[in-house]
Structure formats: structure tokens, C-alpha cells
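See structure below.
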Amino acid sequence: MSAFNGQSNSQLILALSKGRIFEDTLPLLEAAGITVTENPETSRKLILGTNDPNVRVIIVRATDVPTYVQHGAADFGVAGKDVLLEHGGEGLYQPIDLNIAACRMSVAVKNGFDYETAVRQGARLRVATKFVQTAREHFAAKGVHVDLIKLYGSMELAPLVGLSDAIVDVVSTGNTLRANDLVEVEAIMPISSRLIVNQAALKLKRERLQPIIEAFERASQSKSQ
Ligand code: ATP
Ligand code: PRP
């Protein structure tokens, strides 16, 4: 299957989300000699051109990046480990950790809620999160019974209005938790973004993709040193 049906094997489609992933991927693209010629923050266009007529960037929701790449609508993309764990990774080759959009997945509760005691006493916890797979696995491994409440954003609100006892969300500076009188009680795992490649595209377009993958790898390694 090739991205944008009917296009030749020299055409490449990269799926990115607006915001931090787009911004942090730009220097990696530059290292591969690719410059995006339009700004998704000011343009309403969802297909962006680059200095290479054979490379285009599509702008999708962060959680949708693996879906576009899995189905071959994009040849490759950049997605957070958080998003990839929820998606499952089917049909995706994940060659590199790009060390961008770094944060951690954590459990947080309202200041004053005694999480340790609740866990020790075997209380059934209500946990609100966008990351239900990750949360389910985390609490199952600890032997903690939870009722998971699926949300799509603003998780920090849930304990404040009594929707949940705890949340599972990504934390970076901790500013959002502090601003909402929440405290981090458990770090689940470190998170960063990965390059993902459609498995069929990797075979059919290897000649075009390999130099870009290698440039991304070199640039992300030099950044993390
Ligand atoms: P969607 O738009 O689909 O709801 P989103 O709002 O989580 O997704 P972004 O905020 O752009 O999308 O986050 C993209 C990725 O960046 C996340 O999947 C995560 O890996 C990482 N990330 C999220 N929040 C932070 C943060 N505060 N600091 C650093 N990285 C983060
Ligand atoms: C993410 C996440 C937290 C916040 C954590 O939100 O959902 O709310 O970052 O970062 P901090 O620890 O540095 O405060 P984001 O900024 O992506 O907003 P969004 O969820 O509305 O996209």
C-alpha cells in the first residue's frame, strides 16, 4: 500500500501533530535536508509542502498519528510513547526513540488524599485518564482494583470535582498539577516520542526512507548528548 493512493514509491508522507511534536521534529527534518515551507499554526492547510517536492507533511491529532501510519495513509510519523502504548503498535515499525517531547506518565491525586493508605487497604480507586491501557496495566501489576473513567483531556479537573480519586496523565514541569492543587504520587514510566514507519512502506520505499531515518537518528543522538 502506498500513501495517497496511486502515488509513486518516491513520494513520502510524514504524519505530525501540531504543537510540540511539529516544533521538535523540525530540527530533525532539517538534519535530513527537509524544510517544511508552511506553518501549521498560521495555515489552515492539513497537507504541507516541503523544499522536496517528493516529501509532504500531514497534520493530524497526536492520537491519530499511529492510525494514519498503520494504514499507510502516511509512510512515517512521530508519536509519543504514551500514544503508541494506547494504539498497540500494530503494523508499525518503531526504529528510533527521538528523545523529544520528554515527560513522564504519572499517577496524581488531590492534595490531602492519602493514596498510599488507600492502596495498602485495598480500596477500590476511581481513576480518570486518557491512557486507559497504560493505567489498566499499571494498577493490575500492583494488584490495585480500579474503576477507569475514560476522558479526552483536562484530566486534572476530575479529582477536584469528585469524578475520580486519582488521575493518570503525563507530567513534565509539574506546573499543571501544582496549579490545580494535585500531587504526583507515583511515576509510571518515562515518555518520549518515537519515529514510526509503516511496515510495507519500509520495504517498498526503503531507499527514500533509510537516509531520513539515519539523519533523524544522528540528530536525536547528538541532541541527547
Ligand atoms: P490530542 O491532540 O490527540 O489530544 P495531545 O493534546 O496530548 O493529543 P500534544 O499536547 O501535542 O497532544 O502532545 C503530544 C505528545 O507530547 C504527547 O503524546 C506526549 O508524548 C508529549 N507530551 C504531552 N504533554 C507534554 C508536556 N507537558 N511536556 C512534554 N511532552 C509532552
Ligand atoms: C499536557 C498534560 C498536562 C501537562 C503537563 O497538557 O496533559 O496537562 O501537559 O505538563 P506540565 O507538567 O509541564 O504542566 P498540554 O500542555 O499538552 O495541554 P493539552 O492536554 O491541552 O494538549
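Order of listing sets the numbers, starting from 1, for every ligand and every atom in it. Everything numeric in this text was worked out from a predicted model, so none of it was measured.
Within a 4.0 Å radius of atom 17 (O) of ligand 2, the protein contributes one or more non-hydrogen atoms. Counting protein heavy atoms under 4.0 angstrom from atom 6 (O) of ligand 2 gives zero.
Checked against a 3.5 angstrom limit, the closest N/O atoms of Asp82 and ligand 1 fall inside it. Looking at Arg61 next to ligand 1, an N or O pair under 3.5 Å apart turns up. Checked against a 3.5 angstrom limit, the closest N/O atoms of Thr63 and ligand 1 fall inside it. Residue Ser193 places no N or O, backbone or side chain, under 3.5 Å from any N or O of ligand 1.
Residue contacts with ligand 2 leave out Lys130, since none of its heavy atoms falls under 4.0 Å from the ligand. Residue contact annotation: Gly153 has no non-hydrogen atom under 4.0 Å from ligand 2. The shortest heavy-atom distance from Glu156 to ligand 2 is under 4.0 Å.
The part of Lys130 lying near ligand 1 is the side chain, judged by heavy-atom distances below 4.0 Å. For Ser172, every heavy-atom contact with ligand 1 shorter than 4.0 Å involves the side chain, none the backbone. For Asp64, no heavy-atom contact with ligand 1 is shorter than 4.0 Å. In Ala102, the part holding a heavy atom less than 4.0 Å from any atom of ligand 1 is the backbone. The parts of Ala62 lying near ligand 1 are both backbone and side chain, judged by heavy-atom distances below 4.0 Å.
The two residues Ile188 and Val168 have their closest heavy-atom pair at CD1-CG1, 3.9 Å.
Qualifying side-chain contact (heavy atoms from CB on, under 4.5 Å) partners for Thr25, counting only residues two or more places apart in sequence or in other chains: Leu16, Ile21, Leu29, Val78, Ile100, Phe216.
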Can Arg208 and Asp52 be said to form a salt bridge (charged side-chain N to carboxylate O under 4.0 Å, His left out), step by step? CA-CA 12 Å; Arg208 291 284 289 126; Asp52 183 338; 3.3 Å; yes
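Taking the charged nitrogens against the carboxylate oxygens, Glu23 and Lys18 have no contact shorter than 4.0 Å, which rules out a salt bridge.
For ligand 2, the atoms sitting less than 4.0 Å from at least one non-hydrogen atom of Val171 are 12 (O), numbered in the order shown with element in parentheses.
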